[in-house]
Asks: 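Quick one: structure below, then a few questions.
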Amino acid sequence: MRFALVGAGFLGLALSGCATDSNLAPARSDTLETQLAQGFQLVIDVPDDGWLNVDVVVDAAQLSEVGEQTSRHLSGTMQGVANSGTGAGGGAAVAGVVISSMLLANLSQSAIEQKARLVAKGQIDPVDQALSGHDWADYYHVAYSRELREQGYAPSLTADLSLRIVPRLRFSEGMRVLRLVTEARVMQGKKVLYVGRIESFAEPVQCEDCLSRWLAQDAAHLHAAANAGVDDSAALLASDWRTSRFSGIASQEQTLRYQLGATRHVERGRLLPLGNSRSVFLSLRGWLKSMPVAVEAR
């Protein structure tokens, strides 16, 4: 799961979680294009945290209150020691209070995060149960194979190279926003020839009962969004291979602003004018993000 902090409104501050490999960094072999022309075996790997999940949202106001309580407690303790004029023994006592206060603060923060995890689990459990019979590995293998073949990269059962894809569908914004996260590695044995990550966002939905909307008619809306995400991600993956990470496209790092659902996002990245209806950019981490909303660059 991925953590985000929210306050009274919505604050788009993301913290690292386990929804993705934190060590994943873009990489590309100089001979990648030639080697891919020889074909590759497509392998769909199961995500560690499941095919479907919800971003864990931690209330920033609660975390702030924990921090303020700890600060007030420590300040009062230090002032008390200063007023009493105690010596080395008082210093040892202060150290003990500081350590105890920090431990309590950490425990309080852990409790808040655990509560957020339970809320997220409660949101995704009905979806998992409704789709428990769905073979996601087979679905993604067929879908990525089809779209990659259309892009001119046909998988082969006898190729020496392997393309390993870890796909994840992730909800956020009270299940109003859905994105497909694709982590891809091209391997030759144990040698890594390419590493990339793509986040393809679906059009945010307006809904009161979002769970029912996604699961209606045998989850038709969810499957349609997943199909569109695969098509978009595979096309971007192929473009990434062909253009050596879009090196021929004139663009520079800028501050990017965009809104998904109720959340306003600000981050640094390189907007890619690809000439289609979606906004695509490379983040500072070298990850591709594709979304159906306008991105303002400054």
Asks: Around Asp209, counting heavy atoms of other residues, nucleotides and ligands shown, do more than 12 lie under 6.0 Å from its CG?
Replies: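 More than 12 heavy atoms, drawn from other residues, nucleotides or ligands, come within 6.0 Å of this atom.
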Asks: Salt bridge or not between Asp45 and Arg185? Use side-chain N to carboxylate O under 4.0 Å.
Replies: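 So Asp45 does not pair with Arg185 through a salt bridge.
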Asks: Tell me whether Gln259 contacts the main-chain N or O of Gly261 through its side chain, where contact means a donor paired with an acceptor under 3.5 Å.
Replies: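 Side chain of Gln259 to backbone of Gly261: a pair is present.
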Asks: Report yes or no: does Ser162 contribute a side-chain atom to a donor-acceptor pair with the main-chain N or O of Arg164 at less than 3.5 Å?
Replies: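 Checking the backbone N and O of Arg164 against the side chain of Ser162, no donor-acceptor pair under 3.5 Å is found.
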Asks: Do Thr182 and Tyr144 meet the criterion of a side-chain donor-acceptor pair at a distance under 3.5 Å?
Replies: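 Short answer, yes.
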Asks: Is Arg264 paired with Glu296 through a side-chain N to carboxylate O contact shorter than 4.0 Å?
Replies: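 A salt bridge is present here (some side-chain N lies under 4.0 Å from a carboxylate O).
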Asks: Using a 3.5 Å distance criterion without hydrogens, assess whether the side chain of His141 forms a donor-acceptor pair with backbone atoms of Leu42.
Replies: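 It does hold such a pair.
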Asks: Between Asn276 and Arg278 (side chain of the first, backbone of the second, donor and acceptor by atom type, cut-off under 3.5 Å), is there such a pair?
Replies: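 Yes.
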Asks: How would you list, by chain and number, every residue that makes a salt bridge (Lys or Arg N to Asp or Glu O under 4.0 Å) with Glu253, sequence neighbours excluded?
Replies: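 In terms of salt bridge (Lys or Arg N to Asp or Glu O under 4.0 Å), with neighbours along the sequence ignored, Glu253 is linked to Arg268.
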Asks: Please check: side-chain N/O of Gln41 versus main-chain N/O of Ala159, any donor-acceptor pairing under 3.5 Å?
Replies: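 At least one qualifying donor-acceptor pair exists.
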Asks: Quick one: does Trp214's side chain have a donor or acceptor within less than 3.5 Å of a partner on Met175's backbone?
Replies: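 Yes, because the side chain of Trp214 sits within donor-acceptor range (under 3.5 Å) of the backbone of Met175.
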Asks: With the threshold set at 4.0 Å, does a side-chain nitrogen-carboxylate oxygen contact exist between Glu208 and Arg213?
Replies: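 So Glu208 does not pair with Arg213 through a salt bridge.
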Asks: Between Tyr258 and Phe281, does the ring centroid distance fall short of 6.0 Å?
Replies: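 Between Tyr258 and Phe281, the centre distance is under 6.0 Å.
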Asks: Should Arg179 and Asp55 count as an ion pair when the cut-off is N to O under 4.0 Å?
Replies: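 Salt bridge: yes.
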Asks: Tell me if a side-chain donor or acceptor on Asn227 pairs with a main-chain N or O of His223 at a distance below 3.5 Å.
Replies: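 A pair under 3.5 Å: yes.
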Asks: Salt-bridge test for Arg146 and Asp231: reply yes if a basic N is under 4.0 Å from a carboxylate O, no otherwise.
Replies: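 Between Asp231 and Arg146 there is a salt bridge, with a charged N closer than 4.0 Å to a carboxylate O.
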